[in-house]
K.L.:
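Below is the structure I would like to discuss, written out as structure tokens.
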Amino acid sequence: MKSDAVIIGGGHNGLVCACYLARAGLKVRVLERRNIVGGAAVTEEFYPGFRNSTAAYTVSLLHAKVIRELRLAEHGLRIIERPFSNFLPLPDGNYFKSHSGTAAARAEVARFSTVDAERLPAFNRLLENVSDVLRELVLQTPPNVGGGLGDFLRALQTLGKVRKLDLPGQRDLLDLFTKSAGDILDAWFESEPLKAAFGFDSQVGNFASPYTPGSAYLLLHHAFGEVNGKKGKWGHALGGMGAITQAMAVEAKKRGVEISVDAPVTRVNIANGRTNGVMLEDGSEVEARCVVSNLNPKLLYLALIDRADLDADFVQRIEHYKCGSGTLRMNVALSELPDFTCLPGADLQPHHQSGIVIAPSLGYMERAYFDARSTDFGGMSREPIVEMLIPSTVDDSLAPRKKGDEGAHVASLFCQHFNPQLPDGANWDDLREAAADLAIETVNRYAPNFKASVLGRMTLTPLDLERKFGLIGGDIFHGALTLDQLYSARPVLGHADYRSPIRGLYLCGSGTHPGGGVTGLPGHNAAREIIRDFRSRKLGR
């Protein structure tokens, strides 16, 4: 039977979009290439008895509206906050704990600089004021440049939200969208650990130096999340990130969505300028009144659509759409917790339940990036940036436990910078284990028991992330979050409203506004536009 909408890709945004479309009364089918839904937000066993979030690994950006309206808590989702945001072990044997805008935060910063401790509240207010504007914009459909009256009105609404900021606030917004994180942080603070704690967010999934213009936006992008109603917090999803997407799948099925796994799509069928369905790898066809893609735009337009069906300039823009985040992702089975030199003990402590960031300064981060860009080091940083989370410290379902014993643990290692495009014809399949060894040695310098405690590991290079999850160049955001690929320019100027140049073909993935991260917002926003077209009998342009 013909569907109203078929969604390519059962990642979290595809599931969110499916839920909203089904709630509006549409007949929806989701087609997932892998044997499990969830995209990059899945929980899988990677070593006998050890389970972990395979790719996406932490929660903050998942929007409260999506959690509430898809009844995720009713379907078992529970998120545990970190005791504090991040823990940074330092080369001199000291450490820094990054708290979220509290008296404890000022006290911690004062250990390094009383001047910075005094300035910290003002900087946090700056981020919060600009984040409040973004929190409103992320739920909106961006105006298309050159669009009609509706786009003009949306542009006025956007301007109105920005004008809620006073003049200094508008200047701050401009700085955060255009300047580098390093330049802004250097202007505000003097202590390296504090700058590193903020600057790390500018590096997450961003193959660039913290001094690259525009990198400040990545810092801001990671600042407007929340956990359990508390702004700026980060947390662990019990059961791993798959608990989020499995809860979404339960809700989708309750709303009548048909979900098909092991169903890779090889072509979007197009006739007379509009789509009427898709073809699967086995040669069968799925008919639908509209097709919704949860894929990276580059993958959709260049792999599933005949270029003759697209405008030549549009194709050229997609070919140059920037993807590649320099990310190496590891899951590690541990026999014990890391024993950090700066905070000794393999017994459970609050820093084990927080984000552990090995990147003690902006200079360290910049060197990591330039190492990866240099041919001298084979596309890898000599000292990579490593963020480690140990979710089994709050979730004993992930690792084996012995009665009366704390037992083993699992750790997520998110590592930058590893060049997606290796020099001299090298291949990531040949360098995977060397890169994994490098990441483990990096942690071991700060926690000397770490290497010996590793029981098993799973390593995903940028190439593995592309092959396994469709993340082109290992790009966790489905496209760089730079000014030329944000808001009305995401993914391409003139097509920011979730509608493609092909009638009846829509996009709902992270390659659309508001971008990457496990937010659910592209799926939410795209569904609103698709429903609007169904109700107005337009179904595309």
Side-chain angles (χ1 to χ4, degrees), residues 5 7-8 13 17 134 137-162 177-178 214 217 221 268 270-275 290-323 472 475 477-516 521-534 536-541:
I7 297 176
I8 308 173
N13 277 311
C17 187
L134 291 188
L137 291 179
V138 295
L139 287 165
Q140 306 301 316
T141 297
N144 272 330
V145 174
L149 178 60
D151 291 292
F152 177 71
L153 293 175
R154 283 200 294 273
L156 290 180
Q157 290 174 345
T158 300
L159 182 62
K161 294 181 192 305
V162 172
F177 271 82
T178 59
Y217 175 74
H221 187 82
V268 175
I270 298 168
N272 300 318
R274 70 163 296 114
T275 180
C290 76
V291 174
V292 188
S293 171
N294 189 29
L295 308 180
N296 182 305
K298 209 161 191 170
L299 187 57
L300 168 67
Y301 289 118
L302 301 184
L304 301 188
I305 295 176
D306 189 323
R307 298 190 186 199
D309 288 313
L310 296 166
D311 171 280
D313 182 73
F314 182 86
V315 171
Q316 183 184 44
R317 304 287 176 177
I318 291 294
E319 288 175 336
H320 293 93
Y321 181 72
K322 294 179 296 184
C323 293
I472 304 297
D475 198 315
F477 296 135
H478 281 200
L481 296 176
T482 50
L483 189 59
D484 60 326
Q485 294 186 179
L486 289 175
Y487 201 49
S488 290
R490 191 168 186 89
V492 174
L493 205 66
H495 294 283
D497 61 355
Y498 311 98
R499 298 171 177 89
S500 80
I502 307 296
R503 294 195 306 275
L505 176 62
Y506 299 82
L507 281 71
C508 72
S510 294
T512 62
H513 174 73
L521 292 173
H524 167 278
N525 296 350
R528 181 181 58 234
E529 298 306 313
I530 296 166
I531 292 165
R532 181 174 293 155
D533 285 354
F534 263 93
S536 64
R537 302 177 183 273
K538 288 165 61 174
L539 272 189
R541 293 183 175 81

K.L.:
For His513, is there any backbone N or O sitting under 3.5 Å from a side-chain donor or acceptor partner on Tyr498?
P.N.:
yes
K.L.:
Are the side chain of Ser293 and the backbone N or O of Leu300 linked by a donor-acceptor pair below 3.5 Å?
P.N.:
no
K.L.:
Give a yes or no on this: more than 12 heavy atoms of other residues, nucleotides or ligands lie within 6.0 Å of atom CZ of Arg317.
P.N.:
no
K.L.:
Is the distance between the ring centroids of Phe177 and Tyr217 under 6.0 Å?
P.N.:
yes
K.L.:
Could you go through the side-chain contact (heavy atoms from CB on, under 4.5 Å) check for Arg490 and His495 one step at a time?
P.N.:
CA-CA 7 Å; Arg490 191 168 186 89; His495 294 283; over 6 Å; no
K.L.:
Below 4.5 Å, heavy atoms only, C-beta onward: do Val291 and Ile7 meet side chain to side chain?
P.N.:
no
K.L.:
Does a side-chain heavy-atom distance below 4.5 Å link Pro143 with Tyr487?
P.N.:
yes
K.L.:
Would you say the side-chain atoms of Ser536 pair up with the backbone N or O of Arg532, donor to acceptor, closer than 3.5 Å?
P.N.:
yes
K.L.:
Nearest 0.5 Å please: distance from the CD1 atom of Ile318 over to the CG atom of Asn296.
P.N.:
8.5 Å
K.L.:
Using every non-hydrogen atom in the two residues, find where Leu507 and Ser500 come nearest and quote the distance to one decimal.
P.N.:
CD1-CB, 4.0 Å
K.L.:
Check whether the side chains of Thr275 and Arg503 place a donor and an acceptor atom closer than 3.5 Å, and report yes or no.
P.N.:
no
K.L.:
Verify side-chain contact (heavy atoms from CB on, under 4.5 Å) between Asp533 and Arg499, making sure each step is shown before the conclusion.
P.N.:
CA-CA 10 Å; Asp533 285 354; Arg499 298 171 177 89; 2.8 Å; yes
K.L.:
Just checking Phe314 against Tyr301, ring centres under 6.0 Å apart?
P.N.:
yes
K.L.:
List the atom of Phe534, the atom of Cys290, and the distance in Å for their closest heavy-atom pair.
P.N.:
CE1-SG, 3.8 Å
K.L.:
If I compare all heavy atoms of Asp484 with all of Thr482, which pair ends up nearest, and what's the gap?
P.N.:
OD1-OG1, 2.6 Å
K.L.:
Please test Asp306 against Ile270 for side-chain contact (heavy atoms from CB on, under 4.5 Å), starting from the C-alpha separation and ending with a verdict.
P.N.:
CA-CA 9 Å; Asp306 189 323; Ile270 298 168; over 6 Å; no
K.L.:
If I compare all heavy atoms of Cys323 with all of Gly479, which pair ends up nearest, and what's the gap?
P.N.:
SG-CA, 4.0 Å
K.L.:
Would you check, one step at a time, whether the test side-chain contact (heavy atoms from CB on, under 4.5 Å) holds for Val268 with Ile502?
P.N.:
CA-CA 10 Å; Val268 175; Ile502 307 296; 5.9 Å; no
K.L.:
Using every non-hydrogen atom in the two residues, find where Lys322 and Asp475 come nearest and quote the distance to one decimal.
P.N.:
O-OD2, 4.1 Å
K.L.:
Using modelled atom types and a 3.5 Å cut-off, is there a donor and acceptor pairing between side-chain atoms of Lys298 and backbone atoms of Ile472?
P.N.:
no
K.L.:
Indicate whether the side chain of Asn13 and that of Asn294 have a donor and an acceptor atom separated by less than 3.5 Å.
P.N.:
no
K.L.:
Quick one, Leu486 and Leu481 - any side-chain contact, counting heavy atoms below 4.5 Å?
P.N.:
yes
K.L.:
Looking at Pro522 and Ser510, what are the two nearest heavy atoms and their distance?
P.N.:
CG-CA, 4.3 Å
K.L.:
Looking at CG of Asp497 and CG of Asn144, how far apart are the two atoms once the value is rounded to the nearest 0.5 Å?
P.N.:
4.0 Å
K.L.:
To the nearest 0.5 angstrom, please state how far the CG atom of Leu521 sits from the OG1 atom of Thr512.
P.N.:
9.5 Å
K.L.:
Has the side chain of Gln485 got a donor or acceptor atom that lies under 3.5 Å from a matching backbone atom of Ala480?
P.N.:
yes
K.L.:
Nearest 0.5 Å please: distance from the CG atom of Leu134 over to the NE2 atom of His221.
P.N.:
9.5 Å
K.L.:
Just by modelled atom types, is the Thr141 backbone N or O under 3.5 Å from a matching donor or acceptor in the Asn525 side chain?
P.N.:
no
